[in-house]
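Order of the sequence lines sets the chain letters (A, B, ...), proteins ahead of strands, with each chain counted from 1. Reckoned from all heavy atoms, side chains included, excluding hydrogens, waters and symmetry mates. Worth saying up front: this structure is predicted, and the values here are computed from it rather than measured.
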Amino acid sequence: MNLKTSEIKESISELLELPKDIMLDLPRITLLGNLQIYIENHKGIIEYSKVRIRINTKNGILSILGTNLSIKTIITEEIIISGKVESIEFVK
Amino acid sequence: MLAVKLWNLLRGYVVIRIEGLSLEKFINYAIARGIYLWDITRIDYTTLEAKVGTNAYKELRHIVKRTGCRIKINQKIGYPFFMNKIKGRKMFITGFIFCIFMIFMMTSFVWNIEIIGNEKTEEKDIINYLDKLGLYEGALKYKLDLSDIENSMMIKLDHLTWVGIHIQGTKAIVEIVEGIDPPKIIPKNIPCDIVATKKGVIEKVIARNGDALVQRGDIIKKGQKLITGQIQREEIDTRYVHALGEIFARTYYEKEEEISLIDIKKIKTGNKFTRRIAKIGNNQIALSLEEIPYKNVIIERRNKRLLNWRNIQIPVEFITEEYYEVIQKKETIDESIAKDALVEKITIDLVKNIPKNASILNQDIVFSKKDNKIKGKLTIEVLEEIGEQQKLIPHIEFKEDL
């Protein structure tokens, strides 16, 4: 049922050319080289250390690996992470 | 971003250390409560460092209770904390305020007067006069009415065409433009003579008033009387008049110059040698010690100074000298080209000396050649007015008075 509604939502947003991140409540991730990551619409931090940060989002856990990672800013809507980013992946 | 930082500094913030096991939970709770945390860094597994505003810090207490963490303030940064610290150091504050006040005081006086543009007038006279008007070393600069001083300077010293005063810091810069004195005109009721301003041969004499002393063809010297205002006739007393008239004479302008027929041209071979020198004050320190490997060189110098801040010059300079190797090549110039160049050069020099209203009658050039050098002598014959009025001092008048 839930899967079906999201499918309908996706097709509607495609049809009306609406931004998908708003329709589907997805995180918007912006990378600035390998220096900074900007994540909008997150659902909280799960793990935080200098080499690994895991962030909860709507479609899974976003895991960031790197060195010297630190959280520049964190508010309800967005996180800015700086440091040397090596990899980003979604873990289901 | 800068605005946010400044705002934080103004409001004050604390650097806190959070110790505990569920630090992620702590962060999530903080976000949920709308507490703004920034620059969060992990120190080790159980400690976290973060920055938080002073007001938000109080709210963190509830979260601390819930998560079972411990909070310690590491550093207090910002205006409110700074003020607290300062409160205990009254003497320091007095000293600081006194210092600022002193700087303000000392810069509100004129400490230096600079005069620019005076060629004929003595600097001392101008300074003396400025002193009387209230612009002196040590005058309070807010009290000065500059436009008033400028105006009275203009009125009093009438040979000035323009006076501009502006104050730059503690220095008053007085700019002066001196006018050219108008030619001396002798009033019509005062007797005078007309004398020659330069030597020449008389071409035309028009005496409107007074007796002409010279004729056409006469050779005259500088300062010689041409028309006299002293009129002597037989059986009549000597009269003195204001001599008037125009005298045209042929005058000569001469100039000699020489030019070499051999021109040495320097051609760069493409080889270059660079030397760097550091200059501190007046001392030069060569940074590269090698000898210059070429015989004939063209030197190009470039200076690099450290940035100047306002009027302060840092006396450190870096000089890069580039030595380009050259081959000297002798070239013989064609004689006629050399002569043309010579004539042109002398003519330009000579014409500068000739008054504008004179007409050129003749010009003559004589060349002579002597070991690869050509010498030229140009003579220009000019027709110009050479009369000038000069006051006549009657010396017989005393007798009549007696």
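- Only the side chain of B/Ile27 comes within less than 4.5 Å of a heavy atom in chain A; its backbone stays farther off.
- Side chain to side chain, A/Asn68 and A/Ser70 fail the donor-acceptor criterion of an N or O pair below 3.5 Å.
- For the set B/Asn28, B/Leu37, B/Leu48, B/Asp44, the entry with the most heavy-atom pairs within less than 4.5 Å of chain A is B/Asn28.
- With a 4.5 Å cut-off on non-hydrogen atoms, B/Asp39 touches chain A through its backbone and its side chain both.
- Listed by chain and number, the residues in a side chain to side chain contact (heavy atoms under 4.5 Å, CB included) with B/Glu322 are B/Lys272, B/Thr274, B/Glu300, B/Arg302, B/Tyr324 (sequence neighbours excluded).
- Using a 4.5 Å cut-off between heavy atoms, A/Ile46 contacts chain B through its backbone alone, with no side-chain atom that close.
- Between B/Phe273 and B/Tyr323, the ring-plane angle classifies as tilted under the 30° and 60° cut-offs.
- The cationic atom of B/Arg61 (NZ for Lys, CZ for Arg) does not lie both less than 6.0 Å from the six-membered ring centre of B/Tyr57 and within 45° of the ring axis.
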